[in-house]
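These notes are about the structure you will find just below.
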Amino acid sequence: MNVSIKRTVRSITISTLLQGILNAALLVLAAVLCILLVKETRLLLLSLTQAPAVHEVLEHVLIFFLYFEFIAMIAKYFQENYHFPLRYFLYIGITAMIRLIIVNHDNPLHTLLYAGVVLVLIIAYFIVNSTPLRRDQH
């Protein structure tokens, strides 16, 4: 029985250590993303002062939102007791695919496939949001 307690204490210590490493890495990642968000904001404002193409402005705006969503996801991770909500990954995927459609719209087949991916992500988001409602009703 004493060996079992030592294994439990050791596994708790290892998991606590790994959780601490993960938290530190996420804080560093959040700091880097904040710096990149500021740089992207500056690039967006500079591109607006010139006469840019609409596609360039939309690309900068969507990149801005990608950085913003990643930072929000990391903040939510700490707020929700070390848990990444699935809906944030879906937000990021939808935004990234829309950016890809705007930037790379030369090939109609690829654009159609990207739009299909966006549709699948939106359906997944609907399923994720409707599932708790069904559990509450039963």
Side-chain angles (χ1 to χ4, degrees):
M1 196 179 257
N2 194 10
V3 173
S4 173
I5 293 172
K6 285 183 181 180
R7 285 184 186 164
T8 304
V9 169
R10 187 176 301 151
S11 68
I12 291 173
T13 306
I14 291 172
S15 66
T16 305
L17 174 69
L18 292 175
Q19 185 68 49
I21 292 170
L22 176 65
N23 292 346
L26 283 173
L27 288 173
V28 170
L29 179 62
V32 169
L33 288 172
C34 285
I35 292 168
L36 292 173
L37 181 67
V38 169
K39 285 184 177 183
E40 191 61 40
T41 304
R42 186 179 62 80
L43 286 174
L44 176 63
L45 293 175
L46 286 175
S47 71
L48 288 176
T49 59
Q50 302 160 0
V54 174
H55 290 62
E56 290 178 25
V57 173
L58 285 176
E59 182 180 357
H60 284 296
V61 167
L62 290 171
I63 290 172
F64 174 86
F65 277 112
L66 283 171
Y67 286 132
F68 188 78
E69 288 171 356
F70 273 113
I71 293 167
M73 185 177 64
I74 292 170
K76 219 35 162 162
Y77 169 81
F78 288 109
Q79 289 173 353
E80 299 216 0
N81 201 16
Y82 310 117
H83 172 71
F84 281 116
L86 180 61
R87 67 181 184 275
Y88 281 92
F89 287 110
L90 294 173
Y91 296 153
I92 291 168
I94 291 168
T95 306
M97 292 309 298
I98 290 172
R99 178 192 169 276
L100 192 60
I101 289 171
I102 290 171
V103 174
N104 297 333
H105 58 275
D106 299 334
N107 187 334
L109 180 61
H110 289 161
T111 303
L112 182 64
L113 290 173
Y114 299 152
V117 171
V118 171
L119 179 64
V120 167
L121 289 171
I122 290 171
I123 291 170
Y125 178 76
F126 177 75
I127 291 169
V128 166
N129 279 343
S130 67
T131 303
L133 294 175
R134 289 187 193 148
R135 278 189 248 145
D136 292 342
Q137 291 174 352
H138 293 326

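For the numbers below, each heavy atom of this structure counts, side chains included, while hydrogens, waters and symmetry mates do not.
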Per-pair distances, 0.1 Å, donor-acceptor, side chain in residues 108-118, under 3.5 Å, sequence neighbours excluded:
residue : atom : partner : partner atom : Å
H110    : ND1  : N107    : ND2          : 3.3
T111    : OG1  : N107    : O            : 3.0

*Please lay out, stage by stage, how L26 and F78 fare under the test side-chain contact (heavy atoms from CB on, under 4.5 Å).*
CA-CA 10 Å; L26 283 173; F78 288 109; 4.3 Å; yes

*asked:* Once rounded to the nearest 0.5 Å, what's the spacing between atom CD1 of I94 and atom CD of E69?
replied: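 Those atoms lie 9.0 Å apart.
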
_Working to the nearest 0.5 angstrom, can you tell me the gap between L44 CG and L58 CG?_
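L44 atom CG to L58 atom CG measures 10.0 Å (nearest 0.5 Å).
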
*Identify the heavy atoms of H83 and E80 that sit nearest to each other, and give their distance.*
CB-O, 3.5 Å

*For L66 and I92, work out which heavy atoms get closest and say how close.*
CD2-O, 3.6 Å

_For F64, give me all partners under side-chain contact (heavy atoms from CB on, under 4.5 Å), at least two apart in sequence or on another chain._
L37, E40, T41

*Would you mind reporting whether V61 and V57 have side-chain heavy atoms less than 4.5 Å apart?*
yes

*Is L62 close to V103 at the side-chain level, that is, under 4.5 Å between some pair of heavy atoms?*
no

*asked:* Restricting to salt bridge (Lys or Arg N to Asp or Glu O under 4.0 Å), what partner residues turn up for E59, sequence neighbours left out?
replied: R99

_Heavy-atom count check: over 12 atoms from other residues, nucleotides or ligands less than 6.0 Å from F68 CZ?_
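Result for CZ/F68: open.
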
_Can you confirm whether or not the ring centre of F70 sits under 6.0 Å from the ring centre of Y67?_
no

_Working note: F84 + M73, criterion side-chain contact (heavy atoms from CB on, under 4.5 Å); need CA distance, chi angles, decisive distance, verdict._
CA-CA 7 Å; F84 281 116; M73 185 177 64; 3.7 Å; yes

